Amino acid sequence: MGTPTAIQPLIQDPTMIFFVVLLIVLFAPIVMSKLRIPHIIGLVLAGVLIGEHGFNLLARDTSFEVFGQVGLYYIMFLAGLEMDLESIKKNSKRLVIFGLLTCFVPLVLTYVMSVTILGYGDKASFLLGCIMASNTLVAYPIIGRYGLQRNSSVMLSVGSSMLSLFLALVMLAILVGTFSDNSGWLFWLLFVAKFAAFCAGSIFIIPRLTRYFLRRYSDAVMQYIFVMAVMFISAAMSALIGLEGIFGAFFSGLIINRYIPHVSPLMNRIEFIGNALFIPYFLIGVGMLINLRSLSDGAEVWGIMFLIAFFGTFGKALAAYISALLFKLTKSEGKMMFGLTSAHAAGAIAMVMVGRELMIGDGVALADNNMLNGVVLMILVTCVVSTFTTERASQQLVIANSQQPIAKSNKNDDERIMVCVKYPEIAPQLLELALLVRNQKLKRELVALNVVYDGENSMPEREKGIQLLEKLQQQASAAEVQVQTQVRLATNIANGIKHAFRESGCSEVVMGMHVHTEVSKKFWGEFIQSLYNGLNRQIILMRFTQPLSTLRRIQVVVPSRAEYEHGFRRWLERLCRFAGQLDCRVLFHGRNESLEPIQKYINIHHPNVRAEYTFMAHWNELPQLASHIGTDNLLVVVTARKGTISYKNALDRLPDELTKFFSGTNLMIIFPDQYGNAKEEKMSFTEAQHHEENSIYDTLLRWIHSKRPTKL
């Protein structure tokens, strides 16, 4: 028959153990894709085969327990990190309703079944009900592959899973308390106090600590370690107050959600490491717990497993589809809610093990061996059902979204952002800004440009530019974004940028503000002034005083008649993406005639952006905003070029006012698109080639002149 558990596993060398695990992680998706089975099932089944209840290749030692626990925390942490908090606030009632239904419907059904069919006592039946009331987001990694993290049904499922888990743990604590003499009102008063202190302390400490750390340390490794430390300390504190650590991991993800933009390299690293190592370890470890041989112990185990799995899963399905009907969601969204909330994993085993430690008589445990085996096998059944259902629902939702009418502007969108960099201190933040405002759906590359003055030190400056652009390429690759780099020699920096802009077919420029020592009337400097006067496309100038991820509010000053400018929608769209990624509030200051189209656009295209609108009668009121802008605010000034419809004489005072009243403020200045000569905006391939030939010719002439003797 099977291998006795007392026999040592075949592989005991740590190196070979890790090698086998990596092989499983590598080949399980390949094999499962051939069979058209979700690869998560492959990892669980692989765990069944290699575990002590299978071929006994590996033992479920402390490495699987540690890495598996980290993987479970990772799933919950990512779920909290990827949630749209604004949507959660708007749908809080739905979340509570679905959470209560998905908790108590399976609990009641399982309890009644256990009492009437299985013949268990009230306490044992209540234990089974608590197990089926909770669930584990085993299928959540599938959501990431389909890019549905912010789908309403997904967010409802994640939030309700946390609520049902919390309620199940509280009810389990009540059950355990009935076996103790110290379970009076003082016990529950202390529990509520500890829970309130944990939540209040986390909300107060973690955001401040995160802002402090991210402002002072930009090293990628240090930021990742800090985030992981926050997750683990939250999980440890959650377990300390009597809740499971996964609640703390999820809660910490919610708290630091807004400090880690979804398109940032840090977010990419968190997802990559979790999906590549820790989460597969957890799934393999779950499989190693499953003992298929217990099915040969008799029909009783089969019956218990079937009844627990059927009534618990049916209860989850009933709760999901009733909620979808109440919320007027589609059938696919209801299926998604059922798929995500129907799986059970290690948490169910932990609960049933608690029941084995509770004695209802002389040596008789609340949970017997048949219940334990039934729960373990139920885990396999629910994981398979959950994974298949979630995979199918994800495909249906993606197809449904692709069939919706796509705005023509997406297909004809000329978006291609150029990032002009020179100084290593601010170049990474400029690239981060471009990543935050770009259209992810278009998946277009960025253009990073470094223009070097063609003089005596041009060669060493060119080498510095190449090294800087290589670092930016590494930063962008961490966010899975391609960057086309270019180092250009020019005798006029502004002309070099304009020529590169046209040759690359870019739509806008992102660049840093240079700090000048001249008087205020030289605020722009001849270089920037020459650029925005000679280029009719959008230019974004940025001055950083702290990292973008730590901003809490964006205040936008809009000139009157800005809505009539050609580039109105472009800059507004960029700001909406920027605010959405950072989860910042946006406060627009301007005249009602300009604020109304802004509000209409945001309500239609970006309803989740938290926008507010304040009337500002005249541009002369700009200095009054200085007292209302904090250190964690960003001031955005939408200006205009001379001769355009939104230009006014008051804009001539802008350099003086910015220097005098906003010297230490995070500042963004936007020059919107303007109508211009088509020849100036676009350069054909032939013209670009001819210009490049002329540039080479001019460079060759300058080299020849430099080699001539001074006297003829």
Side-chain angles (χ1 to χ4, degrees), residues 38 79 82-113 128-140 142-143 146-168 171 250 307-344 378 381-405 607-608:
E82 293 172 340
M83 293 186 73
D84 186 349
L85 298 183
E86 190 62 23
S87 295
I88 291 296
K89 293 177 183 177
K90 292 180 180 178
N91 297 284
S92 56
K93 293 182 179 179
R94 289 184 172 189
L95 190 151
V96 172
I97 292 173
F98 181 40
L100 294 175
L101 286 175
T102 196
C103 175
F104 289 106
V105 171
L107 185 148
V108 172
L109 289 177
T110 305
Y111 176 84
V112 174
M113 175 276 300
L128 272 180
C130 291
I131 292 172
M132 302 311 295
S134 65
N135 64 274
T136 305
L137 297 172
V138 171
Y140 188 79
I142 296 175
I143 302 302
Y146 287 95
L148 297 172
Q149 296 96 326
R150 296 203 166 190
N151 182 273
S152 58
S153 60
V154 173
M155 290 188 290
L156 285 174
S157 302
V158 173
S160 64
S161 296
M162 285 298 96
L163 181 58
S164 61
L165 172 65
F166 173 74
L167 294 174
M171 290 185 290
F250 174 78
L307 290 172
I308 295 175
F310 175 79
F311 280 91
T313 305
F314 177 72
K316 292 289 185 181
L318 198 61
Y321 287 112
I322 288 176
S323 299
L325 192 62
L326 290 174
F327 306 152
K328 297 181 181 180
L329 301 177
T330 64
K331 184 178 178 181
S332 299
E333 289 175 316
K335 185 182 293 184
M336 173 67 76
M337 294 162 68
F338 164 57
L340 284 175
T341 58
S342 59
H344 300 269
M378 176 272 299
V381 174
T382 57
C383 284
V384 172
V385 171
S386 172
T387 306
F388 270 106
T389 306
T390 304
E391 181 89 18
R392 182 60 179 163
S394 299
Q395 294 173 356
Q396 291 175 352
L397 287 175
V398 170
I399 293 173
N401 292 336
S402 65
Q403 291 176 348
Q404 293 179 355
N608 291 331

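A quick note: this is a predicted structure, and the numbers were derived from the prediction, not measured. Along the sequence shown, residues carry numbers from 1.
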N135-S161 side chain donor-acceptor pair, cut-off 3.5 Å |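 Result is yes, a qualifying pair exists.
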side-chain contact (heavy atoms from CB on, under 4.5 Å) partners for V96, two or more places apart = L100
Excluding sequence neighbours, so at least two apart, what forms side chain to side chain donor-acceptor pair (under 3.5 Å) with S153?
-> N151
ring-ring contact (aromatic ring centres under 6.0 Å, His included) with F327: which residues, sequence neighbours excluded?
->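 For F327, no residue satisfies ring-ring contact (aromatic ring centres under 6.0 Å, His included) once neighbours in sequence are set aside.
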Qualifying salt bridge (charged side-chain N to carboxylate O under 4.0 Å, His left out) pairs with a residue from residues 308-330, counting only residues at least two apart or across chains |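 Listed once each, the pairs would be none.
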Can you sort out the partners of E82 under salt bridge (Lys or Arg N to Asp or Glu O under 4.0 Å), two or more places apart, ordered by chain and number?
->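 Residues passing salt bridge (Lys or Arg N to Asp or Glu O under 4.0 Å) with E82: none at all.
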Can you name the residues that form a side-chain contact (heavy atoms from CB on, under 4.5 Å) with F314, not counting sequence neighbours?
-> L109, L318
side-chain contact (heavy atoms from CB on, under 4.5 Å) partners for T387, two or more places apart = P38, I40, I41, I142
Give every residue pair that meets the salt bridge (charged side-chain N to carboxylate O under 4.0 Å, His left out) criterion with at least one member in residues 96-108, sequence neighbours excluded.
-> none
With sequence neighbours excluded, tell me which residues meet side-chain contact (heavy atoms from CB on, under 4.5 Å) with L163.
-> L167
Side chain to side chain donor-acceptor pair (under 3.5 Å) involving S92 - partner list, sequence neighbours excluded =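 With sequence neighbours excluded, S92 shows a side chain to side chain donor-acceptor pair (under 3.5 Å) to no residue whatsoever.
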Set of residues satisfying side chain to side chain donor-acceptor pair (under 3.5 Å) with respect to S394, sequence neighbours excluded | none
